[in-house]
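Per chain, numbering begins at 1; letters A, B, ... match sequence-line order. Computed from a predicted model, the values in this text were never measured in an experiment.
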Amino acid sequence: MKDILFDVIKGKKTKRVPWVPFVGVHGGYLIGSSADEYLKSSDKIFEGISVAIQRYRPDGIPVAFDLQIEAEVLGCKLMWSKNSPPSVSSHPLEEGTSLDSLKMPSEKDGRIPIIMEALKRLKEKYKDIAFYGLVTGPLTLAMHLAGADLLMNMLLDPQSVEKVISFSCNVAIKMSQYYSKNGADVIAIVDPTVSLISPQTFDQFMSDAYTKIFEFIKSQNKISASFVCGDARKVIEPICKTYPDSFHADENVPLSMLRGTTQKYGISFGGNIPLTTVLFSGNEILSQKVAAECIYESGIDRFVLAPGCDLLYDTPPQNLEAVSEVVHDVPMEKIGEYITEKASRIVEEKIEPYKTPNYKTLDHVNVDVITINADTCAACKYMVEAVKSVGDKFMAIPPFEWSEHRLSEKTTLSMIKTFGLKQIPSIVIDGEVAFEGIVPTHDELVKKIREAFERKKK
Amino acid sequence: MDILQEISDNLQKGQVSKVGILVKQALEDKIDVKTILGSLIEGMGVVGRRFRDGEIYVPEVLIAARAMYAGLDLIRPLLVQTGATYIGKVVIGTVKGDLHDIGKNLVKMMMEGAGFEVIDLGRDVSPEKFVEAVKANQPDIVGMSALITTTMVNMKDTIEALKRANLRDKVIVMVGGAPVTERFAAEIGADSYAKDADTAVAKAKALISNKR
């Protein structure tokens with residue numbers, strides 16, 4: 001519920017953490033619409049976010065997650081996709097358009113009215129939910145307009161870069177105004193590209209722009225937020241000095257670090273359930289475990305639970321429903337216990353025990369070399385070569401067969417569990433761990449093989 | 001100061017014209033072209049390490065790389081004439097649906113700076129295009145980059161396409177990009193993940209020497 005979110009951002013104590021799933025094109029997936037159709041229709045956005053609200057029980061949610069809206073209005077060509085937001089394929093300033101000829105986007109330009117219409121309708125229907133208006137950050141928009149050379153020009157031609165950033169800053173303020181007017185509760189400046197620049201460069205080019213934008217948002221009595229992606233660890237502090245009310249980062253920034261810095265400045269922080277390895281390709285139990293870990297690591301003090309960034313189009317909805325259960329149904333004091341329980345279930349569920357052959361009845365000794373990958377891992381390669389060379393020299397006595405098992409194979413995980421291996425690479429001889437992490441000499445290896453052969457006779 | 005050291009130092013500072021002048025001077029002084037290349041490699045190596053360690057950022061690397069090319073472009077024809085061999089061949093591209101190529105370009109620049117031959121397929125590269133390029137160029141390594149979480153899944157499609165074309169075992173697949181992780185790389189069956197351009201070069205060298 002939005003009051004919980006507001007309270008947390010203001011630093012008040014709450015009973016649970018607020019939850020803000022970053023539903024972007026995933027809203028299209030929820031209603032069977034492709035990403036391109038979805039982002040061009042206020043009806044579809046309304047419908048998609050409505051389904052997300054019903055299924056994921058959020059306290060806050062973005063109206064749309066598309067960092068190309070402003071760029072498109074300003075003349076960047078877009079490449080559309082069925083399952084992701086569009087990408088900018090041309091940069092007008094790079095192609096000869098002058099900055100002075102670019103007009104400030106009006107509320108009627110491009111897809112801006114579509115987003116604002118969806119916002120108004122959602123706001124009207126879901127009075128208990130906080131809606132986030134997402135604005136393209138000034139560096140990201142400047143790079144959309146001028147291309148990647150803008151980064152180089154920060155050093156070679158700083159004045160021209162300052163002009164583009166200043167323009168992009170004004171666009172961000174305009175967009176914030178439109179979102180504010182149409183009812184957004186939180187206005188977030190989403191600037192993934194700031195992770196590419198140094199803290200000094202941020203201070204030089206971005207700091208004033210950020211401060212100006214956040215001051216404007218606050219002057220509208222709205223909550224301001226900063227979203228970054230990638231390894232933005234070094235710019236967290238410079239961004240905090242521009243005083244957004246809330247700061248979100250993805251899994252590249254450890255939550256403990258984000259908490260440490262934001263709390264110094266009295267700013268709330270949010271994140272960072274991994275989008276791909278957990279929410280997209282993981283299952284419900286993993287999603288719940290990781291969400292609980294985020295809460296455990298952050299505590300309820302000023303923390304907003306969210307994915308690292310824009311949810312992938314076909315993220316399994318059941319994983320997000322599972323996260324929502326953690327938020328709504330697990331009491332804070334039980335979170336630690338809950339994580340342990342989920343972790344043990346993951347181990348049990350994921351890995352089947354390895355079906356060992358009956359070594360006694362085999363007419364040869366069975367040598368299993370467990371590796372990460374002998375083609376790519378040097379230690380694994382030596383382990384495999386050690387076994388191979390024994391085979392070459394001692395072919396006749398005693399007979400043995402060997403095989404390499406790489407970590408990428410499912411059965412290898414079963415073997416690690418069944419044999420209780422602590423290190424890789426390892427050699428298991430007739431089901432017994434013979435060498436772990438240390439490459440044996442020829443003599444040591446032959447001795448172990450002989451011993452295993454002797455055991456068969458007993 | 002030794003002219004080779006000067007080349008390396010000026011490259012690190014991104015001094016395009018100075019690197020050009022110094023390389024020309026070195027050639028006039030009859031310094032072996034491979035030795036000159038060595039000074040460019042050394043300079044770019046320092047840049048890569050400083051980038052990896054967070055001492056410098058993308059703008060500084062782009063400028064240094066520009067200076068590197070000012071030197072490399074002068075000696076490239078001579079390297080070909082002397083029959084100098086590359087340390088490996090890399091086919092590289094940003095995956096389908098993704099138009100972001102800063103990261104890919106950084107890796108390309110560092111790879112070239114380290115002595116690899118790099119075939120750059122550009123951005124928005126389909127699995128089929130990767131397969132064609134592997135068939136045509138027989139590289140040691142296929143490098144894929146993605147910036148958007150929604151396109152990184154296309155890395156897997158490329159790996160699958162390489163498998164279908166019976167090419168997967170013939171190349172080392174390396175992946176990278178802001179949203180990509182070690183775990184994701186393992187899940188999709190890539191051979192290696194590098195978190196930055198310098199690590200990509202170091203891993204590429206190690207993987208190639210293991211392969212040979």
Side-chain angles (χ1 to χ4, degrees), chain A residues 24-26 35 78-79 81-90 143 148-156 161 192-193 195-202 229-231 233-235 250-252 274-277 280-281 307-314 372-378 381 407-408, chain B residues 13-14 16 51 54-66 94 96-103 105-106 123-124 146-156 169 172-174 177-192 195-196 203 206-211:
Chain A
V25 289
H26 175 66
L78 300 190
M79 184 176 85
S81 160
K82 296 280 174 211
N83 61 0
S84 61
S87 303
V88 165
S89 61
S90 74
M143 287 183 66
D149 280 356
L150 180 114
L151 289 175
M152 223 170 14
N153 286 332
M154 286 179 145
L155 301 173
L156 299 174
V161 174
T193 48
S195 57
L196 301 176
I197 59 172
S198 70
Q200 295 76 19
T201 312
F202 183 90
C229 301
D231 186 357
R233 284 176 293 179
K234 293 259 169 87
V235 289
D250 71 14
E251 61 265 33
N252 284 289
L275 289 173
T276 50
T277 51
F280 178 71
S281 57
C309 199
D310 186 8
L311 288 165
L312 267 71
Y313 178 74
D314 46 355
I372 297 167
N373 181 340
D375 290 338
T376 56
C377 144
K381 191 179 166 193
L407 208 51
S408 53
Chain B
K13 290 181 201 148
V16 179
F51 179 57
E55 290 171 30
I56 57 170
Y57 290 78
V58 176
E60 291 84 354
V61 180
L62 291 175
I63 287 186
R66 206 173 61 133
T94 305
K96 190 178 173 188
D98 206 322
L99 296 174
H100 300 90
D101 56 3
I102 296 174
N105 289 343
L106 287 177
R123 45 192 203 164
D124 186 25
L147 180 78
I148 320 178
T149 41
T150 45
T151 61
M152 61 193 261
V153 289
N154 294 335
M155 290 177 167
K156 191 179 179 186
D169 296 338
I172 296 161
V173 175
M174 296 184 71
V180 181
T181 60
E182 189 97 55
R183 193 167 141 191
F184 176 77
E187 271 178 21
I188 61 167
D191 296 308
S192 183
K195 69 175 179 53
D196 56 55
K203 286 197 171 181
L207 289 166
I208 282 192
S209 71
N210 265 345
K211 192 183 161 198

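For the pair A:Ser195 (side chain) and A:Cys229 (backbone), a donor-acceptor distance under 3.5 Å is present. A donor-acceptor contact shorter than 3.5 Å links the side chain of B:Asn154 to the backbone of B:Lys96. The closest donor-acceptor contact from the side chain of B:Asp191 to the backbone of B:Val173 lies under 3.5 Å. For A:Lys234 (side chain) and B:Gly54 (main-chain N/O), a donor-acceptor pair under 3.5 Å exists by modelled atom type.
Of all the heavy atoms in A:Ser198 and B:Tyr57, the pair that sits closest is CB-CD1, 2.9 Å. Here the closest heavy-atom approach between residue A:Asp314 and residue A:Phe280 is recorded as OD1-CE1, 3.2 Å.
Only the backbone of A:Asp310 comes within less than 4.5 Å of a heavy atom of chain B; no side-chain atom from C-beta onward does. Contacts of A:Ile197 with chain B are made by both backbone and side-chain atoms, with heavy-atom separations under 4.5 Å. For B:Val153, the part lying under 4.5 angstrom from a heavy atom of chain A is the side chain only. Within the 4.5 angstrom heavy-atom criterion, no atom of A:Asp231 approaches chain B. Proximity to chain A (any heavy atom under 4.5 Å) is shown, for B:Ile63, by both the backbone and the side chain. Heavy atoms of B:Asp124 lying under 4.5 Å from chain A belong exclusively to its side chain. In this structure, chain B has heavy atoms under 4.5 Å from both the backbone and the side chain of A:Ser89.
Legend: residues meeting ring-ring contact (aromatic ring centres under 6.0 Å, His included) with B:Phe51, ordered by chain and number and at least two apart, are absent.
Interface summary for chain B: among A:Leu275, A:Asn252, A:Leu156, the most heavy-atom pairs under 4.5 angstrom belong to A:Leu156. Among the candidates A:Met152, A:Met154, A:Met143, the residue making the largest number of heavy-atom pairs closer than 4.5 Å to chain B is A:Met152.
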